[in-house]
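A short write-up of the structure that comes next.
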Amino acid sequence: AAAAVDDGETTARFEAEVRSWLAWCRALPKVELHAHLNGSARSSTLVELASGLGEKGLINFPEVQAILLKGDRSLAECFKLFDLIHLLTTDHNIITRITKEVIEDFAAENVIYLELRTTPKCNASVGMTKRSYVEAVLAGLKAVEAVQVISGSQENHKKVLGTTLSRPIIYVQLLLSIDRRESTEAAIDTVQLALDMRNCGVVGIDLSGNPWVGDWNTFVPALKLAREKGLRITLHCGEVPNPTEVQNMLLFQPERIGHACCLEESEWTSLLHSSIPVEVCLTSNMRTETVPVLQDHHFASLYKSKHPIVICTDDPGIFATDITREYALAAVCFGLKKANLQFLAQNAVRHIFADDKVQAELQKIFDAAAINPH
Ligand code: 6MZ
């Protein structure tokens, strides 16, 4: 159901076309800027965790397995699914494991810079605080074996880059998410935590969660504090129609926004004038039906207007996609050529939440890897 399809044959043709792009898109170095940790967890790992809880009689395993493996889901169903996933991933060790696996999965798609976002959670029953949650995520970064993770302070970068590397590298930075269900105080706690953990690789704040829940004004004090202290900010914006909120978000001038699916004409004009980069998540928007048909996705008009866009996955685990497929979808749906995809991938470096030195390192990797666009 990835495209506007009218019959099985059209779907098969579309999928064959997407497949023909995969190898090339995989080889292209890529930057991922919008991926939620728990939404990126491997389905196989979640099913394994659910099976464990099922054996203990804590959940009905067949029912949970069916929900985890279901293909299409509405936006509302998505948030129910997140609550379920969070039940499976309540432990520090599990958070560490899924972080490690998620980074390895992105690296396997040739992602060289990843900004992973996650909502710090408290859970008294397992002695989890927001801080210990983020520490468990950081332990996941350290546990990665398949590739060399570069994260944290410049000093750390120098240490890693100063040695002879036997493995490919991936830069990983963290964004802490404020969930729209949270209070002003809870949101401020998350920002404080991000500030405390700046040297460990936390670079910014995201506002996400069920877009039908919560009010923009609740989060403004936390976001202002983040901005004052120099953290970068990205907001889920216009995932559902909410003109007042979209206007306020654009006036706030975040460094990036995610989605921008449901903007009215005047908001659209403001966005285009603002030059705020948009993190575009094609499959996610299709699956949650925030965009009716992939071929009509606002990617096309943003691209035509030369507005900065970054192709991202959102939740590759729950939407059964990966960043390679998202690039291939863009090629097939919007008639992009290899050189266009190469430009999009490399240009994304300009919108990362890292300093000029990291940007320059990444540009070098892109230049060295420049793959044949013909
Ligand atoms: C809004 C989303 C989202 O933080 O537990 N999240 N928020 N829109 C979306 N589009 C589908 N996808 C994910 O990862 C899961 C959390 O990320 C946010 C939700 O708050 C979800 O609970 P973490 O690692």
Side-chain angles (χ1 to χ4, degrees), residues 32-42 45-46 49 68 70 72-92 94-103 105-106 114-123 128 130 133-134 136-138 140-141 172 174-182 186-187 190 193-194 202 204-214 216 219 234-242 245 249 256-262 278-291 312-321 326:
E32 166 66 83
L33 302 184
H34 187 137
H36 299 268
L37 173 62
N38 276 279
S40 307
R42 287 179 193 161
T45 299
L46 295 177
L49 296 170
L68 288 173
K70 186 170 177 247
D72 284 338
R73 38 179 70 97
S74 67
L75 196 59
E77 280 177 317
C78 256
F79 290 99
K80 283 196 197 136
L81 178 60
F82 284 126
D83 287 342
L84 173 64
I85 293 176
H86 290 146
L87 286 179
L88 302 174
T89 61
T90 33
D91 217 86
H92 291 104
I94 295 173
I95 293 297
T96 300
R97 171 181 172 184
I98 63 169
T99 305
K100 170 184 184 280
E101 291 177 352
V102 164
I103 294 171
D105 290 350
F106 275 111
L114 167 65
E115 267 170 32
L116 192 58
R117 56 185 78 189
T118 192
T119 322
K121 299 167 187 76
C122 306
N123 187 336
M128 184 182 276
K130 283 189 173 184
Y133 177 94
V134 177
V137 173
L138 292 170
L141 261 63
V172 182
L174 296 182
L175 307 180
L176 301 191
S177 302
I178 296 169
D179 186 318
R180 297 182 61 105
R181 289 177 291 195
E182 290 184 297
T190 297
L193 180 59
V202 177
I205 293 290
D206 157 56
L207 174 66
S208 57
N210 190 338
W212 297 107
V213 173
W216 166 248
F219 313 113
T234 177
L235 304 172
H236 280 58
C237 175
E239 207 174 0
V240 297
N242 190 343
E245 180 174 283
M249 284 183 166
R256 297 195 307 255
I257 59 170
H259 298 298
C261 302
C262 306
V278 180
E279 304 151 358
V280 173
C281 309
L282 297 173
T283 300
S284 163
N285 296 159
M286 264 305 292
R287 291 285 178 98
T288 58
E289 293 163 357
T290 44
V291 166
C312 301
T313 53
D314 205 6
D315 300 294
I318 73 164
F319 297 125
T321 188
E326 297 301 298

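Atoms within a ligand are numbered from 1 in the order they appear, just like the ligands themselves.
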How far is [atom] from the closest protein heavy atom, and which atom is that?
atom: atom 24 (O) of ligand 1; result: Thr118 OG1, 2.7 Å
atom: atom 11 (C) of ligand 1; result: Asp314 OD2, 3.5 Å
atom: atom 9 (C) of ligand 1; result: Glu239 OE2, 3.3 Å
atom: atom 6 (N) of ligand 1; result: His36 CE1, 3.4 Å
atom: atom 4 (O) of ligand 1; result: Thr119 OG1, 2.5 Å
atom: atom 7 (N) of ligand 1; result: Gly209 N, 2.9 Å

| Donor-acceptor under 3.5 Å (His36 side chain, Arg117 main chain) |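 No, the answer is negative, given that no donor and acceptor are paired below the 3.5 Å cut-off.
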Between [Y] and [X], is there a side-chain heavy-atom distance shorter than 4.5 Å?
X: Phe79; Y: Thr288; result: no
X: Arg256; Y: Glu115; result: yes
X: Leu88; Y: Leu68; result: yes

| field | Side chain, backbone, both or neither: Ile85 near ligand 1, heavy atoms under 4.0 Å | value |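 The answer is neither.
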Residue [X] vicinity, atoms of ligand 1 by number, heavy atom under 4.0 Å:
X: His236; answer: 1 (C), 7 (N), 8 (N)
X: Asp315; answer: 3 (C), 11 (C), 12 (N), 13 (C)
X: Lys121; answer: 4 (O), 5 (O), 23 (P)
X: Leu37; answer: 24 (O)

| request: Assess whether side-chain hydrogen bond (donor to acceptor under 3.5 Å, both in side chains) is satisfied between Thr119 and Asp179, documenting all intermediate values. | output: CA-CA 7 Å; Thr119 322; Asp179 186 318; 5.1 Å; no
| field | Distance in Å, Ser284 OG paired with Glu279 CD, rounded so as to fall on 0.5 Å steps | value |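 The OG atom of Ser284 sits 11.5 Å away from the CD atom of Glu279.
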| said: Using a 6.0 Å cut-off, check whether atom NZ of Lys70 has over 12 heavy atoms from anything other than its own residue. | reply: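 More than 12 heavy atoms, drawn from other residues, nucleotides or ligands, come within 6.0 Å of this atom.
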| Is the shortest distance from a Lys or Arg side-chain nitrogen in Asp315 or Arg287 to a carboxylate oxygen in the other one below 4.0 Å? |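 No.
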| said: Less than 4.0 Å is my threshold; does some heavy atom of His86 fall inside it relative to ligand 1? | reply: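 His86: in contact with ligand 1 (<4.0 Å).
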